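Proteins get letters first, then strands, A, B, ... in listed order; numbering begins at 1 in each. Quick caveat, the model's predicted, so the values are computed rather than measured.
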Amino acid sequence: MKVDRRSFLGLGLGAAAGMAVSPSTWKLMDDSSIWTQNWPWTPVPKDGEVTFDNTVCSLCSGNCGISIRKINGRPVKIEGRHGYPGNDGGICLHGISGLQYVYDSSRVKSPLIKKGDTWEKISWENAVKLVAQEITKIRNNSKADKIACITDKKQGTISGLFERLLKTIGSNNFFAMESMEHTWMTTLEKIHGINALPDFDLENSDFILSFGCGFIEGWGSPVNNFKINSSRKEKGTQLVQIEPRLSNTAANADMWIPIKPGTEADLAFGIANIIITDNLYNKTYISKFSKNFNNFAEMVKEKYSIEKVVAITGIKELTIRKIAGDFAKASSPIAIAGKGRGETAGSFREITAVHVLNCLLGNINKNGGIWTSTPIVYDKWQSVEMDDIALKGVEKSLNNQSVSSLFTNINLSSNPFIEALFIYNANPCFSMRNTKAIQKAMEKIPFVVSFSSYMDETTKYADIILPSHIFLERYEDITGSSGMAKSIIGLSKPLVKPVFDTKNPGDSILMLANALKGSIAVSFPWENYKECLKNIFFF
Amino acid sequence: MSEIEEKIENSSVNDDKVGLAQENIKGDSGLGLGVIFFILAFVVFFLSGWLLFPKLLYSKKQQPFNFNHRLHVQEMGDCESCHSFREDGSFTGIPQIGMCVECHEEQLGDTKDEEIFVTQYVENEKEVPWLIYSRQPDCVFFSHAAHVIGANMDCKTCHGDIGESTISKPYEVNRITGYSRDIWGKNIWGIKKHSWDSMKMDDCAECHLKETQSKGACFQCHK
Ligand code: SF4
């Protein structure tokens, strides 16, 4: 016998066959497939004890109650909080991904000072000292009235602290970004003569006539609106969307009326005209509450006849008549306005025209209609101390201006109209109309301090940034939006240890007030923001 | 010209020789050796694939110290006294040291193992880095509550007689996957005699099919 090629073949085949019928091949196949699922470089989150902690989301005006799932104390997921008014366990996609903001690469990681075109890190002490020096200089030059502040809203203790700081410095120029809420408030004031917030009871309404509101795209109380929208079919609630664009809301509505942009008010008056001429309005309500009804009826008859409205809006007569008829015949109809997410002021004429429809049917302060609620006051501030400069400044400073008129004035004036600007939670360079003009105005302000958590379009123009904790890192009282039939005040609390060298904006203000010394420091007697919140919150 | 043909060519006309040559053609010695080599290689590879391969595949580690389950079950009553559920229904798994300290603040017995536990871990307030025999991969969602509370299952059905053990067996880890050997099971063929012999997906599916008439959907466990 000779060892030849066949012997080797036999050896090879024997080895292969032996291996094949032994468990190793099959086991190795299984193992290697598992191995591919467990690349050692793939990060695997640590396992541990699961706990939940509650807070409020302030990423939009919905202010939903949220529950944060933590593993060994590390937040891993945001969920809707059950039982919370408005969202009751629901949450939107933005809220779900809220944790991403903690590690957002555009966060300002420490106080920064602008040097030429670049930013340099600076300590909190030095940053606040520099701001204090600048403000003191402006005050000493008797220009305290030329210091302004823009925040996102007027309610809440953080805004309260900014307003107080401004007042003790010597200025009244405290502005909140405009939203549809302001325009609605003006409308309610002009029509009903009251200072009230509009609360839309969409839940109980059976006919929603929306003039361009992004009803399921972030308008009002978004999660509440999702719920209303998903139960619409069941309840038989009609949604008519009047909007030039086929938005998500329009696509979801029972009827979409593509209208010529900017002619919504004309359509609303046209509908009012039909309701009046067809005798479909609520006579009891009108006779009880309306003084100049006949004048109004004359006006719409003359200016908004159906032919004119068809020509202006580009909508067929039949359609307009149908909307008017269906709206007037519904048992709890509601007409809503505020374009998109309602984050811009919108047009006063438009909101007034739309609200007239609600008035004609008398669905004010009724289920399924518009409730007028007085803004809740829950903060009680002790009086401020003001030195001479402050008293003179406040007397001299502008009053009753809006953010847009402020920017217009800055652009118009050749001398600095505003010497210093504090900006917090507001991004006018992005969210206002005509951003080019806003940017130009921002460039003209000699000294800008931003309290933003992110390097946004407006913060880019700052000279010093005192970065704030994001909502998951801080205490704050949160006032709800007007999207619902009730007003809610929530308390947001820190659930994540601050990741960067940031502060609660309230603490930044206290620090600045202390650095400004004198009567300003005296007006801010609290050790920290938490103590301030505890002291002035009286519910 | 092939070897066989050559042999035929060179052979004499002697019939016997021709017969031999022809025999050579049939019972070729090369083929015979080939068969022997085949069998040899088959046996060697089969045996090593069966007996040697598992030894190479798994590496062994010892637990930080021995744990006597039997003694603890006797003292505490049942599994859930230590392996409890949290209020929200999630399972605590291996107790954290805080729970052990309720009894073991100081040494209770005189075993070497307890001494290690008290001196190295309790006194230093350090968690014991237990090696978990039944740790499932990260891509698996498993709810103890659904099985133990919901379906009223016994711990033993999946975990076997661990409650009877007096020492901690070595922890064997698969060098390729990084998983504990208990997932595939001790038997390298994957043959099991008891429900707790292995903890692979097929084992879950088998029981689910039996109990719920369905193997279940992918997303039930792979969320
Ligand atoms: S709707 Fe607004 S408040 Fe609610 S979860 Fe979404 S982003 Fe947050």
Enclosure of [X] [atom1] (heavy-atom neighbours >12, cutoff 6.0 Å):
| X | atom1 | answer |
| --- | --- | --- |
| B:Arg135 | CZ | no |
| A:Lys109 | NZ | yes |
| B:Met99 | CE | yes |
| B:Lys215 | NZ | no |
| B:Gln120 | CD | yes |
| A:Lys530 | NZ | no |

For [X] and [Y], which heavy atoms make the closest approach, and how far apart are they?
| X | Y | result |
| --- | --- | --- |
| A:Asp31 | B:Thr177 | O-CG2, 3.3 Å |
| A:Val50 | B:Arg86 | N-NH1, 3.9 Å |
| A:Ser22 | B:Gly49 | OG-CA, 3.4 Å |
| A:Ala15 | B:Ala41 | N-CB, 3.4 Å |

- Can you tell which of B:Leu57, B:Leu51, B:Val43 has the highest number of heavy-atom pairs within less than 4.5 Å of chain A? B:Leu57

Just how far is it from atom [atom1] of [X] to atom [atom2] of [Y], taken to the nearest 0.5 Å?
| X | Y | atom1 | atom2 | value |
| --- | --- | --- | --- | --- |
| B:Leu33 | A:Phe8 | CG | CZ | 10.0 Å |
| A:Asp30 | B:Trp184 | CG | CH2 | 5.0 Å |
| B:Trp50 | A:Ser24 | CH2 | OG | 12.5 Å |

- Show your working on side-chain contact (heavy atoms from CB on, under 4.5 Å) between A:Met19 and B:Phe46 and close with a plain yes or no. CA-CA 5 Å; A:Met19 191 65 113; B:Phe46 173 70; over 6 Å; no

- Test side-chain contact (heavy atoms from CB on, under 4.5 Å) applied to A:Thr51 and B:Glu87, step by step: CA-CA 10 Å; A:Thr51 49; B:Glu87 253 172 50; over 6 Å; no

- Given side-chain contact (heavy atoms from CB on, under 4.5 Å), test A:Arg6 with B:Val35 step by step and report yes or no. CA-CA 9 Å; A:Arg6 279 203 193 92; B:Val35 171; over 6 Å; no

- Item | Side-chain heavy-atom pair A:Leu13, B:Phe42 within 4.5 angstrom cut-off | no

- Message: Just so I know, are the side chains of B:Phe38 and A:Leu9 near enough to count as touching, which here means a heavy-atom distance under 4.5 Å?
- Response: no

- Message: Please enumerate all residues that pass salt bridge (Lys or Arg N to Asp or Glu O under 4.0 Å) together with A:Glu473, with sequence neighbours excluded.
- Response: A:Arg107

- Task: Using the test salt bridge (Lys or Arg N to Asp or Glu O under 4.0 Å), find all partners of B:Asp202 that sit at least two apart in sequence or belong to another chain.
- Result: none

- A:Leu11 portion near chain B, given a 4.5 angstrom heavy-atom threshold: both

Given a strict heavy-atom distance threshold of 4.5 Å, which part of [X] is in contact with chain A: side chain, backbone, both, or neither?
| X | result |
| --- | --- |
| B:Leu40 | neither |
| B:Ile176 | both |
| B:Phe91 | neither |

